[in-house]
Number of protein chains: 2
Amino acid sequence: MKKHEEQFLEYLSRKKLKNTSQRMIILKAFLRQKSHLSTEDFYLQLRKKHPGIGYATVHRTLKLFSECGIASERNFGDGQMRFEVSLDNEHHDHLVCTDCGRIIEFEDPQIEKLQLEIAQKHDFVIKDHRLELYGLCGDCQATA
Amino acid sequence: MKKHEEQFLEYLSRKKLKNTSQRMIILKAFLRQKSHLSTEDFYLQLRKKHPGIGYATVHRTLKLFSECGIASERNFGDGQMRFEVSLDNEHHDHLVCTDCGRIIEFEDPQIEKLQLEIAQKHDFVIKDHRLELYGLCGDCQATA
DNA sequence: CGATAAATTGAAATCCGTTTTCAAAATCGT
DNA sequence: ACGATTTTGAAAACGGATTTCAATTTATCG
């Protein structure tokens, strides 16, 4: 996991950006968090420990993470942008419970392969994809 | 294609809503359009022929379409909501060219099947899904 | 170590698409 | 045609993302 930090620092110097205490704090907090937090939620979380850091800075820094490749932006269609730590180059997809909001990650090489075939058939070169399955998780099926 | 119109009219009476000329105009224009237009674009398009109809009405009517099942909302993560005519119960997915914005629809029963298996494995019941492949279409690969 | 240029910060303002408000107009049932 | 109810369009409000700007911090270099 050191890799992410290095990658970020390298990106900063490559772009002649400055290494600030805020950026480091946000980076550490970001790497520590597991779930797919919206900018807002992440900010609120962070503010508990670091009340001085403003929303704008959090927002800008998350964008930086995304630019340098250590974060991916997600959009589950609820109007909130979400960020997650990108683990190496493995793409993964999401299973979202529409009731409790739980998000489970998965990946399926077979589906990926089929996607490539579809792209070929339409003469597309795929750069990225998103696959989200919406439904009810076990718990929520029970209470429904 | 008469079905959509009937379905909408039925929905209106079921909900004790009124059948207005605006709604009929919007319905016809909506069914005629092929692509995945954003509310904004659809409104601009419509305004050429019907300058009297306001954005709010278009927006509300598209929502109605969505509620009664003749339209589906799409969100390709560009911050604009898009609506498309829902053809019967067949779900389809999208291939989006990130350069020119072209959108191609496809469906793949194999992928659907794999999705169900994944859901089962995680004890989910799937209600819906979205799969979008982003890349460059043939034309844009050439000019890139 | 300073001095200086350049980048960053936080608060507030702005942006931009969506959604709501409200008074006037249209619709439907009788 | 009447009256209750819904709908309409313009404009305002909303919500989240993004930008602005003056003050502060950082990196670099003598």
Side-chain angles (χ1 to χ4, degrees), chain A residues 8-30 36-68 71-84 101, chain B residues 8-27 29-30 36-68 71-83 101:
Chain A
F8 182 56
L9 292 174
E10 199 217 314
Y11 181 77
L12 289 184
S13 64
R14 185 152 49 81
K15 290 271 193 169
K16 306 232 188 309
L17 302 178
K18 293 178 176 171
N19 184 352
T20 68
S21 63
Q22 287 94 331
R23 283 180 177 162
M24 287 307 115
I25 288 169
I26 294 171
L27 175 60
K28 295 224 175 71
F30 177 66
H36 304 68
L37 289 179
S38 64
T39 308
E40 179 76 17
D41 290 344
F42 181 65
Y43 166 67
L44 290 176
Q45 190 89 19
L46 187 74
R47 196 169 63 171
K48 291 180 197 162
K49 295 257 183 187
H50 303 276
I53 298 182
Y55 183 90
T57 302
V58 170
H59 170 262
R60 285 182 289 226
T61 306
L62 288 173
K63 283 270 166 188
L64 276 184
F65 293 168
S66 175
E67 285 165 27
C68 81
S72 330
E73 298 184 21
R74 296 285 166 187
N75 179 335
F76 292 141
D78 62 351
Q80 304 250 131
M81 186 165 295
R82 289 156 192 282
F83 291 85
E84 69 183 23
Chain B
F8 182 56
L9 291 174
E10 199 217 315
Y11 182 77
L12 289 184
S13 65
R14 185 153 48 81
K15 289 272 192 169
K16 306 235 189 309
L17 301 178
K18 293 177 178 171
N19 183 353
T20 68
S21 64
Q22 288 93 332
R23 284 181 176 162
M24 286 308 114
I25 288 168
I26 294 171
L27 175 60
F30 177 67
H36 303 69
L37 290 179
S38 64
T39 308
E40 179 77 16
D41 291 344
F42 180 66
Y43 166 66
L44 291 176
Q45 189 90 20
L46 187 75
R47 196 169 63 171
K48 293 179 195 162
K49 298 255 183 187
H50 303 279
I53 298 182
Y55 183 91
T57 302
V58 170
H59 170 261
R60 284 182 288 226
T61 306
L62 287 173
K63 284 269 168 188
L64 277 183
F65 293 168
S66 174
E67 284 165 29
C68 79
S72 331
E73 297 184 22
R74 296 284 166 188
N75 178 336
F76 293 141
D78 62 351
Q80 304 250 130
M81 186 164 295
R82 289 158 192 281
F83 290 86

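Keep in mind it's a predicted model, so treat the numbers as computed, not measured. Just so it is clear: chains get the letters A, B, ... in the order the sequence lines come, proteins before strands, and each one is counted from 1. These numbers come from the heavy atoms of this one structure, side chains and all, not from hydrogens, waters or symmetry mates.
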Here the distance between atom C1' of dT25(D) and atom CG of L12(A), to the nearest Å, is 15 Å
H59(B) vs dT19(C): side-chain N/O to OP1/OP2 distance below 4.0 Å
yes
(Q) What contact category does Q22(A) fall into here, base, sugar-phosphate, or nothing, at under 4.0 angstrom with non-hydrogen atoms? (A) sugar-phosphate
Which of dA6(C), dA10(D), dC28(C) is nearest the side chain of K18(B)? It is dC28(C)
Here the distance between atom P of dA17(D) and atom CG of D41(A), to the nearest Å, is 10 Å
From CG of N19(A) across to P of dT28(D) the rounded distance in Å is 11 Å
Between CG of L62(A) and P of dT9(C) the distance, given in whole Å, is 12 Å
Ranking dT18(C), dA10(D), dC28(C) by distance to the side chain of R60(B), first place goes to dA10(D)
Checking F83(A), Y11(A), F30(A) against F65(A) for ring pair (Phe, Tyr, Trp, His ring centres under 6.0 Å), the one that qualifies is F30(A)
Hey, does Y55(A) have a side-chain heavy atom less than 4.5 Å from the side chain of R47(A)? no
Side chains of H59(A) and M81(A), heavy atoms from C-beta outward: is any pair under 4.5 Å? no
Whichever of S21(B) and S38(B) has the more 5' nearest nucleotide on DNA chain C, that residue is S38(B)
Between M24(B) and N19(B) the two heavy atoms that sit nearest each other are CE-OD1, 3.1 Å
M81(B) atom CE is separated from dC14(D) atom C1', nearest whole Å, by 14 Å
| Quick one: the side chain of R82(B) and the base of dT18(C), do they pair up donor-acceptor inside 3.5 Å? | no
Does K16(A) get its side chain close enough to the base of dA27(D), under 3.5 Å, for a donor-acceptor pair? no
Exercise for review: Have a look at E40(A) and say if it touches a base, only the backbone sugar-phosphate, or nothing, with a 4.0 Å heavy-atom cut-off.
Suggested key: nothing
Quick note, Y55(A) side chain, CB onward, closest among dA17(D), dT21(C), dA7(C) is dA17(D)
In whole angstroms, the gap separating P of dA7(C) from CG of L64(A) amounts to 13 Å
The nucleotide from dG10(C), dT8(D), dT18(C) with an atom nearest the side chain of T20(B) is dT8(D)
The residue, T61(A) or G79(B), whose nearest nucleotide of DNA chain C is more 5′ is T61(A)
*Looking across every strand, which nucleic acid part, if any, lies under 4.0 Å from R23(A) by heavy atom: base, sugar-phosphate, or nothing?*
sugar-phosphate
Per atom distances to the K63(A) side chain, the nearest of dT18(D), dA27(D), dA17(D) is dT18(D)
Quiz item: Hey, does R23(A) have a side-chain heavy atom less than 4.5 Å from the side chain of L12(A)?
Solution: yes
Whole-Å distance, Q80(B) CD to dA17(D) P, equals 16 Å
Could you check whether any side-chain heavy atom of T20(B) comes within less than 4.5 Å of a side-chain heavy atom of T57(B), counting everything from C-beta outward?
no
Closest of dA11(C), dA17(D), dA7(C) to the A56(A) side chain is dA11(C)
Rounded to whole Å, CG of L17(A) lies from C1' of dT28(D) at a distance of 15 Å
